[in-house]
Amino acid sequence: MSSTKIKKVLIANRGEIALRIVRACKELEITSVAIFSEVDIDGVWVRKADECYPILGDPIQAYLDYERIINLALKCECDAIHPGYGFLSENADFAKACEEKGIIFIGPKAEHVALFGDKMASKVAMRNIGVPVLPGTDEPILDIQEGAKIASEIGFPVIIKAAFGGGGRGMRIVKAEKDFHEMFESATKEALKYFGRGEVFIEKYVENPRHIEIQIVADKYGNVVHLGERDCSIQRRHQKVIEIAPSPRLNTKTRKELYRVSTKAMFKLGYESVGTIEFLVDENDNFYFIEMNTRVQVEHPVTEIISGIDIIQRMIEIAEGDKLNFLQEEINFRGYAIEFRINAEDPKKNFIPSPGKIISYLAPGGPGVRLDTNIYAGYKIPANYDSMVGKLIVWALDWEGAVRKATRALDEFYIGGVPTNISLHRQIVRDECFKNGNLDTGYLDRKLQHFNLDAIHCIEDEEKKMKHITKVIETIKKKNINVRH
Ligand code: MV4
């Protein structure tokens, strides 16, 4: 297979992931082209990219209108488009349209984007190649009575899921047959509203599982490598809040089996590019495939840090037709990395989004601290997009060290002017269950009510200390006290 040197990439995304891709392009000496909506002109990625073009009109459509984006890419002679995550990153029609226009889609083959966009077809494909999946239906439920009957055969609790959705929308847990009808109706309605498709399916519900995902990197020549796992169990309303690599409590046997089935499945499918296979792990360490993400994920930095692999650069090189430049046995996983999603949301008001102007900004730093963000003092967080404004990632050789470093870094982190969820993170890292790595998807729901979410800023304590020491100095000077230290 031939290699096509990519010289110029259009980044069809915004915010921190767009900046991340600009950085990867710079290090590969690839020209980066940013697009931005009318509310995003102050984005760091816009100014750091080699070229930037406004997509005027609706601020959301600016990153979804793929005909405009492809035409712009052609006009500025880009060889490739990187979709990042969200927006068009899992739109098979977009991937196909790029290929038809002769533009490299930096990601998997369109057929795999389509396959894994269908949550039922994904399960059938993975089950056929030996990946454990949960008992459930392979087809959408078309008749409620039939659905209730199947649910009873599977055994309650069951979970109803959107066939063409993800992230918890169109998802309902049904604990008893009497609730099935109402839950089926509301799941279907929500799936239709959010995904334009109302098909739902059923599967056996796993109580309080751990959410473990395997990072895959595969080239166009059948070389498939895993980059370990991430524990994403700390979620709030299906939004990941903290991600950890490796999982602090996964046993070695389960870990190795997860790696084995994941790499084997991707090899058999002929998968190319990066991808993440999501599993649920129950209390008896049984694991089950639930979905696959055919894109780079928000939480990729924790894997980059423990493996030493730049996932975005490898994605670009794979798209160019390069072979992977490392073997599985050459990947040495070192230490623990923890990612804290920094969201402009108000923990004191049930985490409603809190866009607005950042008045002051003091970022943490020091050994083992990485910050992937697009914010700065003076930046106005737009109200049009997801509330995540950045990610704080820490690394240490052992779990306890990573938790200590996280505590220190979060205590340093100060964003003035808009409420953020930093106070939530500061509570979590001090929680015994978290420190013991005792995590499952129900963790945050159990703990939230007990946390003190006042935005207690260590900065204010420092201000008091500095005011005090200033007064002491003035007193010394006034009384001409001779202080010999
Ligand atoms: C499940 C599950 C338990 N049993 N499926 C699917 C979408 C993904 N983001 C979360 N999903 C889950 N699928 C079965 N059969 C548990 C989750 C799940 C979850 C469910 C409800 C509330 C929060 C959750 C957090 C992570 C995983």
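Since the model is a prediction, treat every value here as computed from it, not as a measurement. Just so you know, ligand 1 is whichever comes first in the structure, and atom 1 is the first atom listed for that ligand.
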Val206, any N or O under 3.5 Å of ligand 1 N or O
yes

Under a 4.0 Å threshold between the charged nitrogen and the carboxylate oxygen, would Lys193 count as salt-bridged to Glu190?
no

Report yes if Glu203 has an N/O atom closer than 3.5 Å to an N/O atom of ligand 1; otherwise report no.
yes

Protein residue, atom and distance nearest to atom 25 (C) of ligand 1, heavy-atom basis:
Gln235 OE1, 3.4 Å

Are Phe105 and Phe94, when compared by the centres of their aromatic rings, separated by less than 6.0 Å?
yes

Atom 20 (C) of ligand 1: which of Arg210, Lys119, Met171 has the nearest heavy atom?
Met171

Phe195-Phe164 aromatic ring centre distance below 6.0 Å:
no

Option with minimal heavy-atom separation from atom 3 (C) of ligand 1, where the choices are Tyr288, Tyr443, Tyr205:
Tyr205

Salt-bridge contact Arg408-Glu412 (side-chain N to carboxylate O under 4.0 Å):
yes

Just checking Glu182: does its CD atom have more than 12 heavy atoms from other residues, nucleotides or ligands closer to it than 6.0 angstrom?
no

Nitrogen or oxygen atoms of His211 and ligand 1 under 3.5 Å apart
no

Identify the protein heavy atom lying closest to atom 15 (N) of ligand 1, giving its residue, its atom name and the separation to 0.1 Å.
Lys204 O, 2.7 Å

Give me the nearest non-hydrogen protein atom to atom 26 (C) of ligand 1 as residue plus atom name, then the distance to 0.1 Å.
Thr441 CG2, 3.2 Å

Salt bridge between Arg210 and Asp440, side-chain N to carboxylate O under 4.0 Å?
no

Would you call Glu243 and Lys240 a salt bridge, taking side-chain N to carboxylate O under 4.0 Å as the test?
no

Salt bridge check, Arg341 against Glu16: does any charged N sit closer than 4.0 Å to a carboxylate O?
no

Are Glu207 and ligand 1 in contact, using a heavy-atom cut-off of under 4.0 Å?
no

Could you check atom 7 (C) of ligand 1 against the protein and tell me its nearest heavy-atom contact, residue, atom and distance included?
Glu291 OE1, 3.5 Å

Can you pull out the closest protein heavy atom to atom 13 (N) of ligand 1? Residue, atom name and distance to 0.1 Å, please.
Lys161 NZ, 3.1 Å

Would you say that more than 12 heavy atoms from the other residues, nucleotides or ligands in this model lie under 6.0 Å from the NZ of Lys96, or not?
no

Looking only at protein heavy atoms, which one is nearest to atom 2 (C) of ligand 1, and what is the separation?
Leu280 CD1, 3.4 Å

Hey, is ligand 1 close enough to His238 that some N/O pair sits below 3.5 Å?
no

